[in-house]
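First up is the structure itself, then whatever we jot down about it.
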Amino acid sequence: MASSPWVVVATGVLVMVVLLIVALASYRSRGPAFEARPADPLPTYSLPGSGATNPARVAANLPEPVIPGLTPRRTDTPPVEVPVVVVPGEPSGGDDLSDPPAGGVGSPPDDPGGEQPRPTTPAPPPPPAAPPSSPVTGRFSVRDSWNNEAFIGEVLLYNRDRVSRPWTVRLVPPPGSRLVTSWVEGAPQGTPRMSGGVFTYTSGVNVGPGASVPLRFHFENTGGSIRPSRCTVDGVPCSGL
């Protein structure tokens with residue numbers, strides 16, 4: 001072997017050629033087995049009543065496979081919750097009916113069969129306050145007369161107040177009477193007026209505190225009466241009638 005190196009080289013080359021042939025033969029015999037297998041076709045279903053025969057259209061209607069770890073997609077819209085606001089002191093429910101009384105069933109507020117409240121009559125307004133009494137008073141008297149067909153009367157005015165006061169005398173003479181004249185003794189004159197059978201005299205000057213003033217008047221055609229039917233000073237009846 002040492003003297004013949006070419007024999008060793010030839011033997012190695014021969015072994016390599018044999019191995020190469022064996023490898024090529026093994027690759028050709030197993031070649032079809034390494035080809036990629038085609039994907040399995042999608043199953044097709046015939047929908048009842050649709051008459052569809054296109055596999056692609058049927059496959060598109062099938063649900064998609066669920067991938068682990070992912071949530072399936074939803075096609076419907078999730079419901080929206082509306083918050084309910086509860087007012088304190090009012091029932092949270094939607095019924096407007098009041099609670100039934102004990103021992104019976106109450107009627108709804110708007111039930112026409114239930115007893116309706118009776119309308120209340122408003123209280124009458126209070127009567128107006130009476131005017132304060134005047135501090136000026138009057139006393140009637142007859143100064144002179146003629147056969148009860150005419151007379152001269154007098155209203156003596158007296159001021160009880162501590163300050164001067166104005167005054168007004170109203171007198172109703174007998175029916176049919178005619179005013180001849182009127183005057184104030186010892187004081188400035190005022191304003192007389194006869195209207196509707198009523199004689200009115202308004203002072204021209206105030207009566208001093210604690211003082212008195214006589215108002216006199218002459219009437220005729222009195223029809224047999226020498227006294228008036230009414231006499232007032234600032235709304236207060238005169239004395240002496």
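Residue indices begin at 1 and follow the sequence shown.
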Practice prompt. Quick one: closest heavy-atom pair of Asn159 and Asp161, and the distance?
Written response: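 Taking Asn159 first and Asp161 second, the nearest heavy atoms are OD1-N, 2.9 Å.
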Hydrophobic cluster partners of [X] (side-chain heavy atoms under 4.5 Å):
X	answer
Val172	Val198
Val15	Leu19
Leu156	none

Practice prompt. Measure up the Phe217 and Phe140 rings against each other and bin them: parallel (under 30°), tilted (30 to 60°), perpendicular (over 60°).
Written response: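 The arrangement is parallel - the two ring planes meet at less than 30°.
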Practice prompt. Return yes if some donor-acceptor pair links the side-chain N/O of Thr222 with the main-chain N/O of Glu149 below 3.5 Å, else return no.
Written response: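 Yes; at least one donor-acceptor contact below 3.5 Å.
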Worksheet entry | Leu241 reachable from Val169 in the ILVMFWY side-chain graph, under 4.5 Å edges |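 Yes.
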Discussion item. If hydrophobic clusters are built from ILVMFWY residues whose side chains come within less than 4.5 Å, do Val142 and Trp183 share one?
Written reply: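 No, it is not one cluster - the side chains of Val142 and Trp183 are not joined through contacts under 4.5 Å.
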Discussion item. Show me the pairs that pass disulfide (SG to SG under 2.5 Å) and involve residues 205-241, at least two apart or across chains.
Written reply: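 Listed once each, the pairs are Cys231-Cys238.
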Fill in: Pairwise disulfide (SG to SG under 2.5 Å) hits with a residue in residues 168-216, at least two apart
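Those involving residues 168-216 do not exist here.
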Worksheet item: Between atom CD1 of Ile226 and atom CZ of Arg143, what is the distance when rounded to the nearest 0.5 Å?
Response: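 Output value for this atom pair is 13.5 Å.
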Worksheet entry | Point-to-point distance, once rounded to the nearest 0.5 Å, from OG of Ser182 to OH of Tyr201 |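 Going from OG on Ser182 over to OH on Tyr201, the span is 5.5 Å.
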Pairs under 3.5 angstrom only: tabulate donor-acceptor contacts from the side chains of residues 203-212 to other protein residues two or more places apart or in another chain.
{"from": "Ser203", "atom 1": "OG", "to": "Trp167", "atom 2": "N", "distance (Å)": "3.2"}
{"from": "Ser203", "atom 1": "OG", "to": "Trp167", "atom 2": "O", "distance (Å)": "3.3"}

Please enumerate all residues that pass side chain to side chain contact (heavy atoms under 4.5 Å, CB included) together with [X], with sequence neighbours excluded.
X	value
Pro173	Leu171, Ser177, Met194, Phe219
Thr137	Tyr158, Arg160
Thr191	none
Thr168	Arg170, Thr200, Thr202, Asp234

Practice prompt. Enumerate the residue pairs fulfilling salt bridge (charged side-chain N to carboxylate O under 4.0 Å, His left out) with a member in residues 183-200, sequence neighbours excluded, ordered by first and then second residue.
Written response: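 Qualifying pairs, neighbours excluded: Glu185-Arg216.
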Discussion item. Going by ring-ring contact (aromatic ring centres under 6.0 Å, His included), name the residues that satisfy it together with Trp146, two or more places apart in sequence or in a different chain.
Written reply: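 If we apply the ring-ring contact (aromatic ring centres under 6.0 Å, His included) test to Trp146, skipping adjacent residues, the hits are His218.
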Worksheet entry | Validation row: Leu157, Val184 side chains within 4.5 angstrom (heavy atoms) |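 Heavy-atom side-chain distance check fails, nothing below 4.5 Å.
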